[in-house]
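These notes concern the structure reproduced below.
Just follow the structure's listing: the first ligand is 1, and inside any ligand the first atom is 1.
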Amino acid sequence: MANSPSHNSDAPAWVQNDALKTWVAEVAALTKPAKVHWCDGSVDEKNRLTEDAVAAGVLIPLNPKKRPGSYLHRSNPNDVARVEQLTFICTPTRDEAGPTNNWMAPDEAYSKLRKHLDGGMKGRTMYVVPYVMGPLGSPFSKIGIEITDSVYVVLNMRIMTRMGRAALDMLGAAPDFNRGLHAVLDCNPERRWICHFPQDNTIWSVGSGYGGNALLGKKCLALRLGSYYAVRENWLAEHMLILGVESPEGQKTYVAAAFPSACGKTNFAMLIPPRRFAGWKVFTVGDDIAWMRVGSDGRLWAINPEAGYFGVAPGTSTKSNPSAMKTIERDTIFTNVALTPDKDVWWEGIDGEMPEGTLDWQGRPYVKGSAEKAAHPNSRFTAPMANNPVLSRHADDPEGVPISAIIFGGRRATTIPLVLQSFNWTHGVYLGATMGSETTAAAAGKTGVVRRDPMAMLPFCGYNMGNYFAHWLKMRGQIPLPPKIFMVNWFRKGADASFLWPGYGENMRVLKWIVDRALGHTGGQETLVGWVPREGDLDLSGMDISSEKFRAATAIDLDEWKSELAGQQEFFDKIGPTMPAALKLQREMLIAAIDAARAK
Ligand code: OXD
Ligand code: MN
């Protein structure tokens with residue numbers, strides 16, 4: 001990088017870290033912004049930046065009576081989602097990134113992106129955003145500095161992380177912070193790359209302002225780099241929600257659960273128990289990411305590194321997620337939702353009809369009956385976790401919470417029963433490693449295709465997936481009191497293609513069985529593929545489900561499992577030589593057990 005620090009980057013007196021000042025000066029010399037703004041995270045700063053964003057048309061104020069402190073952002077229509085094909089792990093060797101990641105050599109990536117970053121912030125403000133992933137002062141937390149040319153990113157980072165001076169206070173004089181450099185440039189998909197350099201604790205992201213590509217603390221640091229560091233430091237960085245279940249007697253149990261995107265993670269994290277479960281409460285610790293370490297008591301302890309929710313808007317309603325609807329009542333940034341004439345938000349699946357005169361996510365009058373959606377299917381809300389009425393008291397606890405159960409879940413129309421408990425840790429890792437989700441007709445043009453998404457980490461594992469499985473297997477030896485591992489499937493369908501299980505709040509019934517099993521309080525039945533609830537183990541009282549439906553939702557169909565196991569082989573082959581023998585053996589043992597059972 002150029003070595004003459006720009007006078008533009010002069011740091012305020014509260015910035016004392018020399019390594020940081022030098023790096024910011026280098027980046028300013030490269031990107032040549034008109035101005036450098038060091039973010040202190042104050043309310044005053046938030047108000048000023050919000051005014052700037054409104055003046056620049058980046059944010060549209062919503063009706064202050066209906067949504068106080070809330071704004072709508074319309075992104076460039078070419079920039080509405082994560083771009084897996086443009087996301088790279090830039091480790092020194094391709095093998096370190098493994099067969100499921102895109103790889104670019106570090107030098108090549110740096111020089112390719114540097115060309116675009118050279119003068120890339122001319123005439124613009126360069127924001128320096130210090131942030132902490134994890135509770136302030138927690139030994140589990142990590143500190144990052146994101147440099148960005150997007151005020152939208154700054155305001156989102158302020159919600160999603162602990163941002164500002166507090167992060168620098170925690171950093172002190174240490175030089176080892178994550179260096180994140182982000183520039184939207186001209187938002188051209190031809191010049192869009194999200195590059196991770198784990199060996200340098202560095203992320204460079206250009207050409208996109210979208211959350212997962214641009215809020216570098218989330219998928220880039222907390223998951224891709226997080227997972228890379230976790231394997232070296234003996235912990236787990238996972239794409240998991242964390243929730244607490246409290247019984248009427250006041251007993252609290254915490255579980256972590258991995259689901260691929262768009263499988264109801266935020267809804268599960270904020271579940272409201274049905275009436276039959278009066279006295280039971282579910283509290284949210286996190287809705288997307290869990291960092292888990294072995295505690296001195298031998299249990300696995302988890303923190304949520306985030307401070308807010310970047311949730312999918314469509315489908316969110318008072319029926320599907322009343323707590324999310326409360327969370328987004330104020331101080332929320334909405335991205336790519338529809339705008340009603342009284343300046344409120346609207347999306348498909350929200351309560352109530354779309355008012356006349358609503359504008360779609362691109363600001364065009366919405367023509368009712370049009371084949372297109374009014375809100376983009378991946379439209380989002382960014383809201384502070386402090387708004388969540390069911391936020392756990394421990395969401396900000398530097399120690400985190402002890403995890404008693406880990407749940408893996410996918411979207412599967414067949415084969416996978418409503419709930420399954422693994423026989424042991426290795427078998428649980430096998431369940432997680434083979435989990436998948438079926439593509440929908442809308443997304444892929446072809447239904448029923450299982451996309452393997454092991455532990456919901458396929459797009460987020462920052463190194464070789466086979467080594468990631470090996471790390472999970474090895475962790476068993478590090479955790480004296482390991483959580484029990486489960487698999488769930490809320491999405492199984494009957495012969496008439498309708499869902500067999502109602503989901504949402506009713507998932508409490510499954511959650512209770514999981515918690516009871518984890519604590520050794522209830523029965524179950526052993527099958528070839530794992531433990532399932534016996535008839536009567538799952539409390540179905542007050543619920544409208546026929547016993548045929550329930551039996552179909554929980555059935556183990558050996559024919560379906562045979563084709564499932566064939567599909568798993570393809571995925572194992574793709575992973576290649578790093579695929580752990582212990583997991584290959586699990587599959588082979590299951591084939592042998594099914595064959596033996598059928599031979600009778
Ligand atoms: C995701 C997200 O895409 O959390 O998984 O945004
Ligand atoms: Mn996610």
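Shown in contact with His239 at under 4.0 Å from a heavy atom are these atoms of ligand 1, numbered in order with element: 5 (O). The contact set between ligand 1 and Asp288, taken as ligand atoms under 4.0 Å from a residue heavy atom, comprises 4 (O). Heavy-atom contacts of Ser261 reach the following atoms of ligand 1: 1 (C), 3 (O), 5 (O) (cutoff under 4.0 Å). For ligand 1, the atoms lying closer than 4.0 Å to a non-hydrogen atom of Arg380 are 2 (C), 3 (O), 6 (O).
Taking the charged nitrogens against the carboxylate oxygens, Arg191 and Asp186 do have a contact shorter than 4.0 Å, which makes a salt bridge. Between Arg411 and Glu438 there is no salt bridge, since no side-chain nitrogen of the basic residue lies less than 4.0 Å from a carboxylate oxygen of the acidic one. Arg179 has no carboxylate O lying under 4.0 Å from a charged side-chain N of Asp200, or vice versa, which leaves the two without a salt bridge. For Asp288 and Lys218, the salt-bridge test passes: some basic side-chain N is under 4.0 Å from an acidic carboxylate O.
Within the coordination shell of the Mn ion (ligand 2), defined by N, O or S atoms under 2.8 Å, Lys219 is present.
Two rings, from Trp193 and His116, have their centers less than 6.0 Å apart.
Note: no N/O pair closer than 3.5 Å links Lys218 and ligand 1 by distance alone. Considering backbone and side-chain N/O of Tyr210, none are found under 3.5 Å from N/O of ligand 1.
Of the possible polar contacts, none joining the His239 side chain to the Leu223 backbone as a donor-acceptor pair under 3.5 Å is found.
For atom 4 (O) of ligand 1, the closest heavy atom belonging to the protein is Lys219 NZ, 3.0 Å.
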_If you apply the rule salt bridge (charged side-chain N to carboxylate O under 4.0 Å, His left out), what do you find for Arg299 with Glu399, and how did you get there?_
CA-CA 12 Å; Arg299 292 187 290 176; Glu399 293 304 316; over 6 Å; no

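When you scan the N, O or S atoms of Asp288 for the one nearest the Mn ion (ligand 2), you land on OD1.
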